[in-house]
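Heads up: the structure comes next, in C-alpha cells.
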Number of protein chains: 2
Amino acid sequence: MIRSVENGARLELDTAVKIPNASAFLWNKKMMVHMNCRGYAVAQFMQPEPAKYAHAPNLEAKTFMQPEQPYYTHHPGRFFYVKDEETDRLFSAPYAPAKTPLDSFVFSAGKSDILWKIEHDGLFIEMCLSLPTNEALEQWSFTVKNNSPKTRKISMYPYFPVGYMSWMNQSGQYDANLNAIICSSITPYQKYREYDKIKTLKDKTFLLADTIPTSWEVNQAAFEGDGGLHYPTGITGIELLKGDALYETPACVFQYREELQPGQEKTYRFLFGPAKDETEISDIKNRYFIERIEDKVTGFEKTKREYDDYIAKGKGCLQIKTPDAALDNFVNNWLPRQIYYHGETNRLSTDPQTRNYLQDNMGTGYIQKEVARQAYIKALCQQEESGAMPDGILIHEDAVLKYINQVPHTDHCVWLPICLKAYLDETNDYGLLQEIIPYKGNRKSATVSEHINLAMLWLYKTRDKRGLSYIEQGDWCDPMNMVGPKGIGVSGWLTMASSYAFKTWAQICINNNTEDIAKDFLIKAEELNSSINEHLWDGDRYARGITDDNVVFGVKKDPEGRIFLNTQSWALLSGSANVDKSKKIIDTVKNELESPYGVEMLAPSFTKMREDIGRVTQKFPGSAENGAVYNHAAAFYIFGLYEVGYTEKAFEILRRMIPGPDEKDLIQRGQLPVFVPNYYRGAYRQFPRTAGRSSQLFNTGAAPWLYRCLIDGLFGLRGDVDGLHINPRLPKEWNRAEAIREFRGATFKVNIQRESGISKTRVTVDDSLLQEQVIKDIQPRIYRVDIRIP
Amino acid sequence: MIRSVENGARLELDTAVKIPNASAFLWNKKMMVHMNCRGYAVAQFMQPEPAKYAHAPNLEAKTFMQPEQPYYTHHPGRFFYVKDEETDRLFSAPYAPAKTPLDSFVFSAGKSDILWKIEHDGLFIEMCLSLPTNEALEQWSFTVKNNSPKTRKISMYPYFPVGYMSWMNQSGQYDANLNAIICSSITPYQKYREYDKIKTLKDKTFLLADTIPTSWEVNQAAFEGDGGLHYPTGITGIELLKGDALYETPACVFQYREELQPGQEKTYRFLFGPAKDETEISDIKNRYFIERIEDKVTGFEKTKREYDDYIAKGKGCLQIKTPDAALDNFVNNWLPRQIYYHGETNRLSTDPQTRNYLQDNMGTGYIQKEVARQAYIKALCQQEESGAMPDGILIHEDAVLKYINQVPHTDHCVWLPICLKAYLDETNDYGLLQEIIPYKGNRKSATVSEHINLAMLWLYKTRDKRGLSYIEQGDWCDPMNMVGPKGIGVSGWLTMASSYAFKTWAQICINNNTEDIAKDFLIKAEELNSSINEHLWDGDRYARGITDDNVVFGVKKDPEGRIFLNTQSWALLSGSANVDKSKKIIDTVKNELESPYGVEMLAPSFTKMREDIGRVTQKFPGSAENGAVYNHAAAFYIFGLYEVGYTEKAFEILRRMIPGPDEKDLIQRGQLPVFVPNYYRGAYRQFPRTAGRSSQLFNTGAAPWLYRCLIDGLFGLRGDVDGLHINPRLPKEWNRAEAIREFRGATFKVNIQRESGISKTRVTVDDSLLQEQVIKDIQPRIYRVDIRIP
C-alpha cells in the first residue's frame with residue numbers, strides 16, 4: 001500500500017480509497033500547501049496574516065488551522081477531468097471529484113514535490129505540484145500519455161475551484177493576453193481604518209497556462225450545472241462555453257482537446273496562486289513561462305530545481321540505519337524536513353505562541369543554527385522587565401496577539417533554558433549568553449544570561465505559599481482556563497517544569513562558569529520538588545494541579561481526568577519522582593494512558609464540562625488536549641523515560657508515534673509517515689473505533705522533541721560543553737544500528753553493535769578505545785565510531 | 001411555470017430547474033427558515049444572537065445574511081432519498097442532492113407552510129414544512145403514495161445534514177428512547193469570560209421521528225461514502241449501518257423500508273431543530289407526538305393550526321383587484337406578510353440599524369399598530385440628549401452594536417418624522433406625541449414631540465457653513481465611508497432628507513396644533529433646499545455630495561457614479577427640485593438609471609475604487625449599493641414620483657419591482673413573487689447577462705415603502721388627521737380597479753372606474769357625492785366608495 005522510493009526521498013501510496021485523507025505538504029517562505037491524495041487542498045499564504053487564494057464555496061470562517069479538516073465535494077482542490085470524446089467516459093485525476101475507480105493510482109509524496117501517477121482507460125497521467133522558494137505560487141505539470149493501441153480523442157479539463165472569494169466583490173475572466181483565468185475580489189471590511197490594510201492584499205487568484213486552451217469556463221455554477229461535480233454539465237458539451245463570473249463564484253477551468261496517437265504524450269504546465277494585480281501576473285508569466293536563452297530552460301524548471309536545493313538545505317544532523325527501515329526512512333527524510341518547515345514558516349503565524357516559537361526553534365537548532373540563535377534573541381527582546389515572557393512573540397511589524405495568545409498562560413519562561421540547552425549542546429555557542437539585548441520597550445538591556453536568570457526568578461516568585469506555581473488561565477497548551485482565574489489555583493506541571501528549568505539552567509550556568517547561580521537554582525529546584533511531593537503525590541501518580549477552590553485534580557478519585565500525562569513525564573524530568581515513585585507512575589501510565597497508537601494526554605477523557613478545570617474538558621473526548629495521543633506531550637514522556645533509564649519503554653512509545661508500517665495501522669491512523677501529527681485520537685478505552693486517527697496537522701511541538709529523543713535518547717549522541725557524549729540505548733530487539741551524526745563541523749560514522757559477554761558500553765574512535773564515553777576536542781573531519789553495547 | 005392557487009394564499013412553481021434558487025420563507029418569533037425549491041435551506045434562530053442548527057460542512061463564518069447565497073451539494077438542506085429496492089433506482093425529493101430529473105414537480109410556497117408535490121417513477125411524494133409559532137423548530141411531514149399498478153418495495157431516507165458544528169466538540173447518536181438522532185456540540189470559545197454565554201446555548205441539533213425507522217446513520221462521511229451525495233454509498237446497502245459521529249461531521253439519516261400496495265400511502269412526521277439538552281427534546285416529543293385525549297389531535301397538527309392563525313394575523317389594510325392579477329396577488333398576500341415578518345423578527349437581529357428599525361416599523365404601522373407604537377418609543381428612549389440617534393437600536397438586554405452599526409452614520413434622525421407620519425396617518429394616534437419618555441441613560445425625560453424636535457434641531461445643526469449636512473462615514477445604507485471621515489464632507493441626500501424630515505415634521509406639528517414649530521421648520525427646510533440648489537445642482541441632476549477635499553461627486557463629469565438615484569428621489573420629496581428641475585431629473589433617471597428590472601441606485605456602477613467615496617465603489621458593479629436595482633431606493637423614487645404627480649412613471653417602476661408575470665422575467669430574476677428582495681442586479685448597461693437577478697434577501701426597507709406607495713400613491717387611500725383622503729392614480733392602461741381598505745376600524749369597499757368625459761375625480765360614498773376628496777368622521781362600519789376618474 002505504501003512504499004518509500006528514491007532512497008526514502010519519496011513515499012508512495014497506491015490507493016485513493018483506503019487512506020482517503022492521506023496527504024503531504026509543501027511549503028516555502030511565503031506559503032504552505034497541504035495536499036490530499038484525492039486532490040483536495042488547503043493552502044495558505046502570508047500577507048502578512050495567513051490568507052487563502054482558493055476558498056470554500058461558502059463564506060468560510062477565518063481561523064487557526066483545524067484538526068481533522070473535513071473534505072467534501074466542493075472543498076478547494078486541484079483537479080483534472082479527462083473525457084474520452086468517443087465514449088463520453090469521464091474520470092478525474094487524481095481521484096476526486098468524479099471518484100471513478102481508477103485502474104492504478106500512485107500518490108507520491110516527495111520532499112520538494114507531490115506527484116500522482118494514474119493509469120485509467122488506457123491513459124497514463126502524471127501530475128506534479130511543486131513550489132518556488134520565495135513566492136506564493138503553485139507550479140503544476142500535467143502529462144497525459146496514450147498507452148492504448150489506438151488513437152484517442154480526449155478532452156482534458158484542469159478544474160481549480162476558487163470558491164466564494166468575497167461578499168463585497170468577486171468575479172473572474174479569461175485573459176487572452178496572459179492566457180490566464182484571473183479571479184478578482186475585494187476582502188470585505190467595514191471600518192474606514194481597515195481600508196489601508198485591505199488595499200495592499202493579494203485579492204486575485206489566477207491560473208496561468210503555458211498552452212493556449214481550446215476553451216475555458218470561469219463560472220463555477222455554469223461549469224457544474226445540474227450534472228454535479230461527478231459529471232459536470234459543462235463537460236457534456238463539445239466545448240466549454242467561455243463564461244465569466246460576475247459577482248458569481250468563479251472557478252478556473254480550461255479545456256484541452258487533443259488527439260493522441262498510440263504512445264504519444266503531452267505535457268501542460270500551470271501556475272496557480274494569489275496576486276495583487278494583472279501586472280504581477282504578467283511578471284510571473286514572464287519569469288516562469290518565457291524561456292531565456294541564457295538559462296536554456298524556462299523559469300518553471302529553473303525554479304523547481306532551486307526549490308529542490310532549498311528543501312535539501314533542511315537536512316538533519318542524524319542519519320540512521322536500523323533493523324526498522326520505516327523508522328529510518330522517517331528519521332532520515334521526513335522528521336528533519338518537518339522541523340525545517342517549522343523554523344522557516346513559524347507555523348504561518350505572525351504571532352507564534354512563545355512556547356511554540358521556542359520549542360520549534362529548539363528543533364531548528366539542529367538544522368539551521370543561526371536561525372535558532374536569532375529566534376532566542378528575538379524572543380528575549382520581548383521579555384518584560386519583570387522577567388515574564390509574553391504569550392506570543394511578534395515576528396512581523398503589523399502583528400498583534402490573536403486567538404489563544406489573548407488568554408494568559410504562565411509557562412512561557414520555562415522554555416528558555418530547556419530549549420536553549422539543546423541549542424548549546426549542539427553548538428557550544430555559550431557566547432550567546434553574553435550578548436546584550438533589550439527588554440520589551442527598549443528601556444533596559446541585559447545579557448541573555450541575565451534575561452534568562454530573571455525569567456527563572458519570575459517563575460520562582462509566581463508561586464503560592466505552598467510553593468506551587470500559579471496557573472492563571474492555562475499553561476503549556478492546555479486550555480485549563482478555569483483552574484486558576486481567581487489567581488489562586490496552581491499547576492503541578494508548571495511547578496515541575498519550573499524545577500526542570502531551574503536544573504537545566506543550573507547546568508548551563510555550570511558550563512558557563514557561574515556556579516553560584518547554578519547552586520542557587522539547584523536548591524530552588526529541590527524546594528519545588530519538595531512542594532510537589534508534599535501536595536501533589538497521589539500514591540501512584542502526581543496530580544495535575546489544585547483549583548482556585550483548593551480541589552486537587554488529576555487524581556485517582558476523579559471519575560474523569562484521573563491521570564494527566566504531563567505531571568508524570570515532568571516528575572521524571574524534574575527529579576520530583578524518586579526511583580520508587582518513577583516506577584509507580586510508569587506503571588500507572590501503562591495501565592491508564594498507553595494505547596496502541598501512543599500514550600494519551602489524560603484519561604479517562606472528559607465527557608462533560610468540569611467547571612473548575614475548564615475548556616479542555618469541553619473538547620471532544622479523545623481529541624486534542626482532552627485525552628488524545630498528543631504527540632508533543634508523548635515526546636516529553638519519552639524524553640523523561642530516557643532521562644530516568646526506562647529506555648525500552650521509551651522506544652516502545654516513540655515507535656508508536658509514527659504511522660505504520662503495517663497496513664492496518666496506516667489505515668486506522670489515516671496518515672502517511674511523512675510527518676508526525678499534533679495528535680492521534682485517544683480515548684482508546686472509551687472510543688476504540690476512532691482511536692489512532694490522525695489530526696492531519698503537521699504544526700506540532702512533537703517534531704523537535706522527537707528529534708531530541710532520537711539524538712539524546714535512542715542514539716545517545718548528545719553534545720555538551722566538553723564534546724559528543726556517547727550513550728546509545730537501542731531497544732533489546734535490535735542487535736545493531738548505524739548512524740551518521742553531523743556535529744560541530746565533524747562527521748561521526750557510528751556503528752553500534754550488541755556484543756555478548758560485555759557488561760558495559762565500549763566506545764572505540766578510529767580504533768582507539770575511549771576511557772570516558774565522550775569524544776572531545778572535535779576537529780572538522782570524519783570520525784569512525786564503533787560502539788559495543790551489552 | 002408559476003401559478004397562484006387557493007385565492008393567492010399559495011404560489012406554485014412547477015420546475016426545479018428553470019429557477020433553481022426559487023425559494024420561500026417561513027418565520028416565527030424565534031426563527032426564520034429560507035427554503036429553496038431544491039431542498040437547500042438557510043435557517044437561523046435567536047439565542048439571543050442568530051445561530052444555526054444545520055451548518056455548512058466546513059467552518060462557516062458567522063456574518064450577517066448575505067445576498068445571492070450560493071448553494072452547493074453539501075449545503076445545509078432537508079432532503080429525502082427514495083430508492084426502489086427492486087431496481088436500485090434512486091431519486092431525491094424535493095430535487096437535490098441527487099438532482100434526478102423528476103416526472104413532475106411542484107414547489108408550493110404557502111403563507112404558513114412550504115410544500116412540494118412530486119411524482120416520479122410511479123410514486124407520489126408530498127413533503128411539507130411548517131413552523132410552530134413560538135419555538136425554534138421545523139415540522140416536517142413526508143407522504144409517499146404508490147401511484148403505480150403494482151406493489152412497490154421502497155426505502156425512504158430523510159437526509160438532514162447537520163454539518164460542521166464545532167471544532168471543539170461535535171458528535172451524534174441515535175437515541176432509541178426518543179426515537180431521535182441527536183447531534184451535540186459545544187460552541188467554540190477561547191476566553192474565560194465567554195463561557196457564561198456559551199454554556200446557555202442550544203448546541204444540540206435533533207431530528208425526532210414519529211415512526212420507528214428500519215435503520216439510521218449519523219456519520220455523514222459513512223453515509224455519503226465515495227458514492228457522493230448523488231448516490232450515497234450508505235444507500236447501496238440493504239440497511240443503513242447505524243453508525244455514530246465521534247468528533248466527526250454528523251448527519252440525521254433515517255431509513256424506512258416499506259412495501260406499498262397500489263394506491264397505498266404512508267405519512268411520516270419529523271421535528272428538526274436546536275435544543276439545549278435531551279430533556280428539552282423529550283419535552284418536544286411529548287408536546288408534538290404524544291396525542292392528548294382532550295385535544296383529539298397531536299400537538300403536531302394543533303401547532304400547525306395555531307401557526308396558520310398566527311400568520312393570518314399579519315393581514316394588510318389593503319386588498320386590491322386590478323387588471324393585473326399578479327400584482328393583486330402580491331399586494332394582497334405576500335407584501336403584508338413580508339412587512340409582518342419584519343415587525344415580528346426585526347430581521348433576526350438584536351441591534352437593528354436605527355433606520356431599518358424605524359422604517360420596518362413604518363410598515364408594521366399598517367399591520368400591528370401597537371407594535372409599531374412601542375417601537376417608536378423604544379427607539380426614542382435610546383436617543384442621546386443631544387438629539388442624535390444611535391446607529392442601532394438595542395432590542396435585547398445582551399445586545400451590542402455590531403457590524404455596520406460600529407460605523408458612524410448621520411441620517412438616523414430623519415426617519416423619525418418620516419416614518420411616524422405614516423403611523424399617524426394610519427392611526428391618528430397624536431396622543432403618542434405627548435407620551436413622556438427618557439433619553440438614553442435615563443437622566444432626562446421629555447415628550448415624544450420634544451424628542452423629535454430635538455432630533456430635527458440636531459440635523460439642522462450638523463451642517464457645514466454651506467448649509468449642507470455632514471456625512472461622516474455614511475448615511476442611509478450607503479457605505480460611503482470615505483466622503484467625510486475628516487468631518488468636512490457633506491451629503492446631498494442627507495440635506496434633502498433633512499429638508500423632507502423638517503417638512504414632514506412641520507405637517508405633524510400643524511396637525512398637532514404647534515404651528516409655530518411647524519412654521520420654523522418650514523423655513524429651515526427652504527433654507528436647506530436653497531443650499532442644495534446652490535451647491536449640488538448639476539444641470540440635469542443633483543450631485544450626491546461633496547467630499548472632504550471639496551470634490552462634488554455624482555455629477556455628469558464623473559466617469560462612474562455620475563448619477564445617484566437618492567438625490568433625485570429626495571429632491572422630489574423635499575421640494576428642492578422645482579417643476580422644471582423635476583422634469584429634468586426624471587428624464588435623466590430614465591436615460592441613465594432605468595432598466596427593465598427597475599431603477600438603479602447609481603450609474604455607471606463603479607468598476608474600481610474611488611478613494612474619496614469609499615466602500616460602495618468597491619462592491620461588485622451592479623450588486624447592492626453599487627448600482628443594483630436597490631428596491632428600497634427605488635421605492636423612495638416611486639414615492640417621490642407620486643408626490644410630484646408623475647404617476648404613470650411611478651407605476652411603471654413600481655411594477656418592475658415584482659418578479660414576473662412572464663416566464664422570461666421570472667427566470668432572469670430567479671425569484672418567486674412571494675417577497676420583494678433587497679435588490680435585483682443592476683448595471684444593466686454594463687453587465688446585461690446578470691442584470692435583474694434577485695439577491696434573494698427578503699430583509700429590506702423596500703417592503704414598507706412599496707406598501708406606502710400603493711396606499712398613498714397608486715390607490716390614493718391615505719389617512720390624515722381629518723380622515724381618509726381619496727386620490728387614486730391608476731395607470732392609464734387600467735380602466736378600473738377595486739380595493740378594500742381597512743382604516744381606523746372601518747372597511748371601505750372601493751370601486752375605481754375611469755369615466756370618459758369627466759375632467760376631475762368624483763367620489764361618491766354610499767351614494768352621496770363628496771365635495772372634498774376626504775372621508776371624514778369615520779365610523780366602524782362598511783363604506784361603499786365609488787370613484788370616477790377622468
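Order of the sequence lines sets the chain letters (A, B, ...), proteins ahead of strands, with each chain counted from 1. Keep in mind that what you see is a predicted model, and the values were worked out from it rather than measured.
With salt bridges taken as basic N to acidic carboxylate O contacts below 4.0 Å, one links B:K204 and B:E278. Remark: A:K199 engages A:D196 in a salt bridge, criterion side-chain N to carboxylate O under 4.0 Å.
Among the candidates A:V17, A:D244, A:V407, the residue making the largest number of heavy-atom pairs closer than 4.5 Å to chain B is A:D244. Highest contact tally toward chain A, considering only B:Q69, B:Q170, B:H230, B:H74, is held by B:H230 [criterion: heavy-atom pairs under 4.5 Å]. For the options B:Y403, B:F687, B:Y195, B:Y95, heavy-atom pairs under 4.5 Å to chain A are most numerous at B:Y195. Counting heavy-atom pairs closer than 4.5 Å to chain A, the top residue among B:M482, B:H75, B:K191, B:K99 is B:M482. Interface check for chain A: of the options B:E248, B:E68, B:R38, the most heavy-atom pairs under 4.5 Å are formed by B:E248. Options B:Q406, B:R681, B:Q473, B:Q220 differ in how many heavy-atom pairs under 4.5 Å they form with chain A, and the most are formed by B:R681. If you tally non-hydrogen atom pairs under 4.5 Å between each of B:N58, B:L229, B:I186 and chain A, the highest count goes to B:N58.
The parts of B:E60 that come within reach of chain A are both its backbone and its side chain, each placing non-hydrogen atoms under 4.5 angstrom from that chain. Contact of A:Y192 with chain B is made through backbone and side chain together, with heavy-atom distances under 4.5 Å. For B:Y247, the parts lying near chain A are the backbone and the side chain together; criterion is any non-hydrogen pair under 4.5 Å. B:T73 touches chain A through backbone and side chain together, each having a heavy atom under 4.5 Å away. Both the backbone and the side chain of B:L59 come within contact range of chain A, judged by heavy atoms closer than 4.5 Å. Looking at A:Q190, the atoms closer than 4.5 Å to chain B (heavy atoms on both sides) sit in the backbone and in the side chain alike. Only the backbone of B:A245 comes within less than 4.5 Å of a heavy atom of chain A; no side-chain atom from C-beta onward does. B:P479 does not touch chain A: none of its heavy atoms, backbone or side chain, sits under 4.5 Å away. Heavy-atom distances place no part of A:N405 under 4.5 Å from chain B, backbone and side chain included.
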B:H409 vs B:I404, side chain to side chain contact (heavy atoms under 4.5 Å, CB included): CA-CA, chis, key distance, verdict: CA-CA 9 Å; B:H409 284 59; B:I404 198 72; 4.1 Å; yes
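Contact record, A:P161 with A:P76: CG-CA, 4.4 Å, taken as the closest heavy-atom pair. Closest approach of B:L102 and B:S92 over heavy atoms only: CD2-O, 4.3 Å. The minimum heavy-atom distance linking A:C183 with A:P250 is given by the pair SG-CB, 3.6 Å.
Taking the ring centroids of A:Y72 and A:Y40, they lie at or beyond the 6.0 Å cut-off.
Note that OG of B:S166 and CZ of A:F620 are 11.0 Å apart. Values are rounded to the nearest 0.5 Å.
A side-chain N or O of B:N678 and one of B:S695 form a donor-acceptor pair less than 3.5 Å apart.
Here the side chain of B:D351 pairs no donor or acceptor atom with the backbone of B:G392 at under 3.5 angstrom.
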